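What follows is one structure encoded as structure tokens, with my remarks underneath.
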Amino acid sequence: MKNPVEADARPYPRRWPALGVLCLSLLLVVMANTSLIVALPDMTADLELRSHEMQWLVDGYTVPYAALMLLFGVLGDRVGRRRALIAGLVVYGAGSLLGSLADSTEAVIAARFAMGVSAAVIMPATLSLLVAIFPRAERGKAISIWAATSGLAIALGPLVSGALLANAGWSSTFLVNVPFVAVAIVAALALIPPSRVESRQPLDYLGGIYSIVAIGTMVYAVIDGFHAGWGALQLSLLALAALTSLLFVRRQLRHPAPLLDVRKLADRAVGGSSLAVMLLFLSAFAVIYYVAQYLQAIFGYGPLETGIRLLPLAVAVTIGSLLSGILMRWVSGRWLIVTGMLLGAGGVLILTQADASSTYVSYLVALSLLGLGMGLSEPPATDTIMGGFSESELGAAGGLNDTAIELGGSLGIAFLGSILATTYDERLADKTAGQTAAVPEALRGQVDGALDRAADPVGAGAGVAEHLASDPSTATLADALMHSVTSSYAEAVATTSWVAGLMLVVGAIAVALILPRNLRGGHHHTDGEERSAGADGPGGGDGADSQHPKQRVRAGV
């Protein structure tokens with residue numbers, strides 16, 4: 001295990017067990033995003049969270065995760081990909097342990113922040129190690145398994161969190177990570193070979209600062225703007241994000257060893273695939289966000305029951321990814337990506353028919369189609385992004401792919417969640433205008449306050465209806481109010497799904513126009529020249545050294 005993978009011309013013999021370690025690491029960091037969906041109500045009640053504290057609990061993980069991935073991906077190439085993975089796992093485990101012991105809001109937010117920083121190290125390292133370990137002939141299958149894991153984690157997060165909450169407190173959702181982190185670290189030392197890039201050029205730290213400020217301020221401004229309103233702070237942050245983005249692009253075009261070769265984004269294959277990944281996760285995270293709320297507040301399912309009913313999405317992602325891995329050998333990657341996006345759009349658009357009488361079957365079909373579409377699209381898109389960069393740029397490629405995933409998910413919850421909340425508030429206000437007037441004066445302030453609650457509005461409305469039902473003097477109002485809550489939220493889901501579904505349809509058309517027609521498993525042709533997908537073997541390159549003579553892949557961590 002002291003011999004670097006780049007030093008051996010033969011395929012690494014333990015590459016498939018090593019892939020299991022990479023997938024376990026990926027599973028941990030992606031699940032932390034969605035497990036909070038079902039744990040948040042318990043945390044809110046126990047810690048007495050206010051609206052802005054709840055937002056920071058979510059954003060404390062999301063913002064550093066999205067902002068740091070590009071820099072940490074490139075840094076991992078330099079210091080050693082295995083070393084970066086293990087360091088990230090250590091910090092992730094420490095953050096999880098801190099979260100499990102936390103008894104204050106500030107401590108939980110600090111734990112989530114530490115986990116977000118470590119996730120930004122782990123996720124690009126898993127992808128760059130995968131590409132370094134697997135030969136070209138097997139890489140498509142390996143990436144399909146990696147992509148299936150990322151999609152699987154989206155739905156497994158609520159399931160695992162729900163199972164833990166059924167028998168223990170919310171702190172268990174942090175503590176459960178620790179033994180898996182320990183297993184991943186030991187397995188990484190035993191199964192993953194060292195791999196790194198050695199370059200005589202200094203790392204572009206100033207470019208890294210620009211990228212952190214640009215992505216971090218943009219993500220936070222969008223989330224906060226849709227949550228709290230577009231005031232001077234949010235608009236100033238967006239302006240700062242735009243300015244630092246321009247400075248980043250300018251520096252990358254002039255630096256001899258840029259963090260990210262931004263010219264690659266103009267490449268039709270890389271640019272189109274990045275857009276596809278971002279739009280897919282934008283829709284997926286938003287759909288899970290509002291479907292989970294509906295299952296808990298309207299259908300009355302507990303955390304575990306909700307997680308089980310979200311599982312079809314994970315199963316469908318797995319099936320779609322494995323199917324995509326097989327089809328990538330014979331079918332154009334462009335066809336797979338676009339078809340998957342349209343399937344996902346079809347699943348989301350099914351939810352436009354949601355109403356107060358909708359059953360779980362409608363959500364089952366929608367989740368299954370969305371998952372199948374994600375599974376078909378993500379592997380060829382990720383393979384194309386990674387294949388568009390040389391062996392010495394795997395960290396940047398992984399950072400770009402993973403930033404697209406996290407950026408899409410964050411913007412999806414912020415933008416579509418805002419449409420959901422606004423539509424729900426408007427419909428509920430119209431439907432309950434006469435109903436709340438009939439509530440006894442002693443309870444009216446309590447009812448109005450609960451209905452206006454910023455956090456979990458549908459849960460607040462359902463809770464008010466249950467409270468009214470328990471009082472004989474107001475029991476007759478409970479059914480009418482609950483029907484108003486249910487129909488208002490169903491209408492909000494339908495409206496939001498129209499926006500999400502049409503975004504995917506328009507995005508699929510745009511991606512179809514952008515991607516080259518003969519996209520095949522990471523290889524594509526542009527202007528008559530065949531462009532390689534990257535290294536032909538686990539460590540050598542059919543283009544790495546020729547494209548970047550000053551940066552060579554070499555031995556040792």
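All values derive from a computational prediction rather than experimental measurement. Computed from heavy atoms alone, side chains included, the values below leave out hydrogens, waters and symmetry copies.
Put simply, CD1 on Ile413 and CD1 on Ile288 are 9.0 Å apart, with the number rounded to the nearest 0.5 Å. With rounding to the nearest 0.5 Å, the separation of CD1 in Ile212 from CE in Met69 is 12.0 Å. A distance of 11.0 Å separates CD1 of Ile185 from CD1 of Ile192, quoted to the nearest 0.5 Å. In this structure, CE on Met278 lies 9.0 Å from OG on Ser274, to the nearest 0.5 angstrom. Met341 CE to Leu275 CG: the interatomic distance, rounded to the nearest 0.5 Å, is 6.0 Å. Annotation: the span from Ile385 atom CD1 to Asn401 atom CG amounts to 4.0 Å, rounded to 0.5 Å.
Every side-chain contact (heavy atoms from CB on, under 4.5 Å) that Val178 has, sequence neighbours left out, goes to Ser96, Leu97, Leu175. Applying the side-chain contact (heavy atoms from CB on, under 4.5 Å) rule to Leu19 yields the partners Trp16, Cys23, Leu130, Phe134, Ala142, Ile145; only residues at least two apart in sequence or on another chain are considered. In terms of the salt bridge (charged side-chain N to carboxylate O under 4.0 Å, His left out) criterion, Glu305 has no residue partners (sequence neighbours excluded). Partners of Tyr65 under the ring pair (Phe, Tyr, Trp, His ring centres under 6.0 Å) rule, at least two apart in sequence or in another chain, are Tyr61. In terms of the ring pair (Phe, Tyr, Trp, His ring centres under 6.0 Å) criterion, residue partners of Phe415 (sequence neighbours excluded) are, by chain and number, Phe226. In terms of the ring pair (Phe, Tyr, Trp, His ring centres under 6.0 Å) criterion, Phe180 has no residue partners (sequence neighbours excluded). With sequence neighbours left out, Asp46 forms a side chain to side chain donor-acceptor pair (under 3.5 Å) with Trp170. With sequence neighbours left out, Leu364 forms a side-chain contact (heavy atoms from CB on, under 4.5 Å) with Pro312, Tyr360, Ser368. Ser171 pairs by the side chain to side chain donor-acceptor pair (under 3.5 Å) definition with nothing, not counting sequence neighbours. By the side chain to side chain donor-acceptor pair (under 3.5 Å) test, Asp402 pairs with no residue at all, sequence neighbours left out. Residues forming a side chain to side chain donor-acceptor pair (under 3.5 Å) with Ser497 (at least two apart in sequence, or on another chain): Tyr290. Here Leu343 pairs with Leu369, Leu372, Leu376 under the side-chain contact (heavy atoms from CB on, under 4.5 Å) rule; sequence neighbours left out.
Side-chain atoms of Ser410 never come within 3.5 Å of backbone atoms of Leu407 as a donor-acceptor pair (strictly under, hydrogens ignored). In this structure, Ser25 contributes its side chain and Val21 its backbone to a donor-acceptor pair below 3.5 Å. Judged purely by atom type and a 3.5 angstrom limit, Thr382 has no side-chain atom pairing as donor or acceptor with the backbone of Pro379. Under a 3.5 Å cut-off, the side chain of Arg81 and the backbone N or O of Leu129 do not form any donor-acceptor pair. Between the side chain of Ser377 and the main chain of Met374, no donor-acceptor pair closer than 3.5 Å is present. With hydrogens and angles disregarded, a donor-acceptor distance shorter than 3.5 Å links the side chain of Ser161 to the backbone of Ser35. For Thr352 (side chain) and Leu349 (main-chain N/O), a donor-acceptor pair under 3.5 Å exists by modelled atom type. In this structure a side-chain-to-backbone donor-acceptor pair under 3.5 Å is present from Ser150 to Ala147. Using a distance-only test at 3.5 Å, with no hydrogens or angles considered, a donor-acceptor pair links the side chain of Ser358 to the main chain of Asp355. Checked by atom type and distance alone, the side chain of Glu378 never pairs as donor or acceptor with a backbone atom of Gly375 at under 3.5 Å.
Between Ala494 and Ala354, the shortest heavy-atom contact is CB-O, 4.1 Å. Taking both residues in full, the closest heavy atoms of Leu27 and Leu156 are given as CD1-CD1, 4.2 Å, listed atom of the first, atom of the second, then distance. Here the shortest heavy-atom pairing between Gly95 and Ala114 reads CA-CB, 4.3 Å. The minimum heavy-atom distance linking Ala18 with Leu191 is given by the pair CB-O, 3.7 Å. Heavy atoms only, all atoms of each residue included: Ala188 and Leu85 are closest at CB-CD2, 4.4 Å. Nearest heavy atoms, Val277 versus Ala381: CG2-CB, 3.7 Å.
Side-chain contact between Asp224 and Leu237 is absent, with no heavy-atom pair separated by less than 4.5 Å. Counting heavy atoms from C-beta outward, Met123 and Phe72 have side chains that stay 4.5 Å or more apart. Under the 4.5 Å side-chain criterion, counting only non-hydrogen atoms from C-beta, Tyr489 is not in contact with Thr423. For the pair Leu295 and Leu310, the minimum side-chain heavy-atom distance is below 4.5 Å. With contacts defined as side-chain heavy-atom distances shorter than 4.5 Å, the pair Leu159/Leu304 qualifies. Using a 4.5 Å heavy-atom cutoff, the side chains of Leu26 and Ile122 are not in contact. Under the 4.5 Å side-chain criterion, counting only non-hydrogen atoms from C-beta, Met115 is in contact with Asn177. Considering only heavy atoms from C-beta on, Phe299 stays 4.5 Å or farther from Thr306 through its side chain.
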Thr149 and Leu24: CA distance, side-chain angles, deciding distance, side chain to side chain contact (heavy atoms under 4.5 Å, CB included) verdict: CA-CA 8 Å; Thr149 303; Leu24 173 60; over 6 Å; no
Chi angles and distances behind the side chain to side chain contact (heavy atoms under 4.5 Å, CB included) call for Leu101, Phe174: CA-CA 9 Å; Leu101 300 174; Phe174 286 89; over 6 Å; no
Mind running side chain to side chain contact (heavy atoms under 4.5 Å, CB included) on Val317 and Leu152 for me, showing each step along the way? CA-CA 6 Å; Val317 168; Leu152 189 69; 5.5 Å; no
For a side chain to side chain contact (heavy atoms under 4.5 Å, CB included) check, start with the C-alpha distance between Thr244 and Ile209, then their side-chain angles and the critical distance, and finish with the verdict. CA-CA 9 Å; Thr244 48; Ile209 293 172; over 6 Å; no
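For the pair Arg309 and Tyr363, the NZ or CZ position fails the cation-pi test of under 6.0 Å to the six-membered ring centre and within 45 degrees of the ring normal.
Below 30°, between 30° and 60°, or above 60°: for Phe285 and Phe281 the angle between ring planes is between 30° and 60°, a tilted geometry.
Remark: the Trp146 side chain and the Thr126 side chain contain an N/O donor-acceptor pair separated by less than 3.5 Å.
Counting non-hydrogen atoms of other residues, nucleotides and ligands closer than 6.0 Å to CZ of Phe113 gives a total of 12 or fewer.
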